[in-house]
Amino acid sequence: MNLHKHARLSPRGRALLVDRILVQGLRIEEAAHAAGVSVRTAYKWLKRYREEGPGGLTDRSSRPHSSPHALSPVIVAQVLEQRRSRQTYRQIAQRLSVAPSTIARVLRRAGLHRLAELEPALPHNRYEYALPGQLLHLDIKKLGRIGSPATVSPATGRAGTGASAGNTSTWPSTITRAWPSPPSSRTSAGPVPARP
């Protein structure tokens with residue numbers, strides 16, 4: 001049971017209130033003051049206890065006993081039937097003279113508020129094999145003509161011609177340059193003197 005944060009009485013507190021009035025003999029005003037509630041609230045719980053017994057001290061549902069403006073089951077069945085024939089909220093509301101918001105509430109309660117829910121979902125397409133390797137998977141992709149990349153010789157500094165001398169590839173050659181290593185700062189200063 002969920003009590004709101006400002007609730008003065010729990011079912012146990014209500015039973016204590018009734019016990020103070022009927023068993024201990026306190027006046028209703030004194031028992032209400034001791035429980036921190038109004039006299040009217042004390043009379044309410046005392047009346048419920050006398051009519052229903054200990055079960056009357058529990059919380060009741062706030063749902064009304066009757067809803068005279070609720071849709072009849074016949075109209076609800078018509079709404080669901082027209083929705084299954086893939087009609088929109090507006091079309092159903094115009095045919096049955098019911099507000100579109102009411103149609104939406106009925107369809108959401110029935111789980112038919114989306115058109116995708118009218119048809120069952122297709123099963124997943126699964127490929128299952130008894131042994132690994134029975135399914136052959138090929139990945140095919142068209143590639144352009146790729147020639148061998150030209151390289152730069154560190155000795156001559158000139159680019160080579162690739163794998164063959166008659167390479168007529170239109171693909172741009174990738175030239176890899178060999179960069180010299182950076183000079184060391186210690187080489188210009190000479191040897192490092194030994195410490196005394």
Side-chain angles (χ1 to χ4, degrees), residues 1-139 141:
M1 178 182 66
N2 295 325
L3 296 174
H4 62 84
K5 61 181 180 179
H6 298 299
R8 294 294 181 112
L9 292 177
S10 62
R12 184 175 179 182
R14 296 164 197 161
L16 180 61
L17 173 69
V18 171
D19 183 67
R20 286 176 178 168
I21 296 171
L22 297 179
V23 178
Q24 298 178 15
L26 291 179
R27 294 186 306 124
I28 293 182
E29 292 80 7
E30 295 172 349
H33 180 70
V37 295
S38 65
V39 177
R40 181 177 179 183
T41 301
Y43 273 109
K44 176 184 76 173
W45 291 116
L46 182 62
K47 179 183 176 185
R48 283 196 189 176
Y49 181 80
R50 286 176 175 165
E51 290 176 354
E52 303 176 21
L57 300 178
T58 58
D59 287 332
R60 294 177 177 176
S61 174
S62 59
R63 184 175 182 177
H65 295 291
S66 64
S67 300
H69 298 290
L71 288 180
S72 65
V74 176
I75 296 180
V76 171
Q78 291 177 0
V79 168
L80 299 180
E81 179 184 354
Q82 292 184 19
R83 183 60 173 177
R84 288 190 179 98
S85 64
R86 304 187 70 81
Q87 295 184 13
T88 63
Y89 290 8
R90 189 178 300 254
Q91 292 171 344
I92 298 172
Q94 289 175 352
R95 290 188 180 181
L96 299 178
S97 300
V98 180
S101 59
T102 306
I103 300 295
R105 189 167 55 250
V106 169
L107 292 178
R108 181 173 288 276
R109 191 182 308 133
L112 299 175
H113 57 287
R114 295 178 184 265
L115 286 175
E117 294 169 355
L118 297 176
E119 298 173 358
L122 295 175
H124 294 289
N125 191 9
R126 298 180 56 136
Y127 296 98
E128 295 183 5
Y129 292 87
L131 299 173
Q134 288 183 339
L135 174 64
L136 179 63
H137 180 78
L138 298 177
D139 211 2
K141 181 179 179 183

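No hydrogens, no waters, no symmetry mates; every other heavy atom, side chains included, goes into these values.
Remark: T102 OG1 to L107 CG distance equals 10.5 Å, nearest 0.5 Å. Put simply, OG1 on T88 and CG on L115 are 8.5 Å apart, with the number rounded to the nearest 0.5 Å. One finds the OH atom of Y89 at 14.0 Å from the CD atom of Q82 (value rounded to the nearest 0.5 Å). Here the CD1-CD distance, from I21 to E30, works out to 10.0 Å after rounding to the nearest 0.5 Å. Between the CG atom of L80 and the CD1 atom of I75 there is a distance of 12.0 Å, given to the nearest 0.5 Å. Atoms NZ and CG, from K44 and L9 in turn, are 8.5 Å apart once rounded to the nearest 0.5 Å.
The two residues A42 and A32 have their closest heavy-atom pair at CB-CB, 3.8 Å. Of all heavy-atom pairs between L57 and W45, the closest is CD2-O, 3.8 Å. Across every non-hydrogen atom of R83 and L112, the tightest pair is NE-O, 3.0 Å. In plain terms, the two heavy atoms of E117 and G111 that are nearest each other are OE1-O, 2.5 Å. Across every non-hydrogen atom of V37 and R8, the tightest pair is CG1-CB, 3.7 Å. Residue A34 comes nearest to R20 through the heavy atom pair CB-NH1, 3.3 Å, listed as atom of the first residue, atom of the second, then distance.
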Stepwise side chain to side chain contact (heavy atoms under 4.5 Å, CB included) test for L22 and L46
CA-CA 9 Å; L22 297 179; L46 182 62; 3.9 Å; yes
Salt bridge (charged side-chain N to carboxylate O under 4.0 Å, His left out) for R86 and E119? Distances and angles first, verdict last.
CA-CA 10 Å; R86 304 187 70 81; E119 298 173 358; 3.5 Å; yes
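R14 is listed as a side-chain neighbour of D59, based on a closest heavy-atom distance under 4.5 Å. A 4.5 Å side-chain heavy-atom check between L16 and R12 finds every atom pair outside the cut-off. Under the 4.5 Å side-chain criterion, counting only non-hydrogen atoms from C-beta, V18 is not in contact with R48.
Counting only residues at least two apart or in different chains, side chain to side chain donor-acceptor pair (under 3.5 Å) contacts with residues 60-73 comprise E52-R60.
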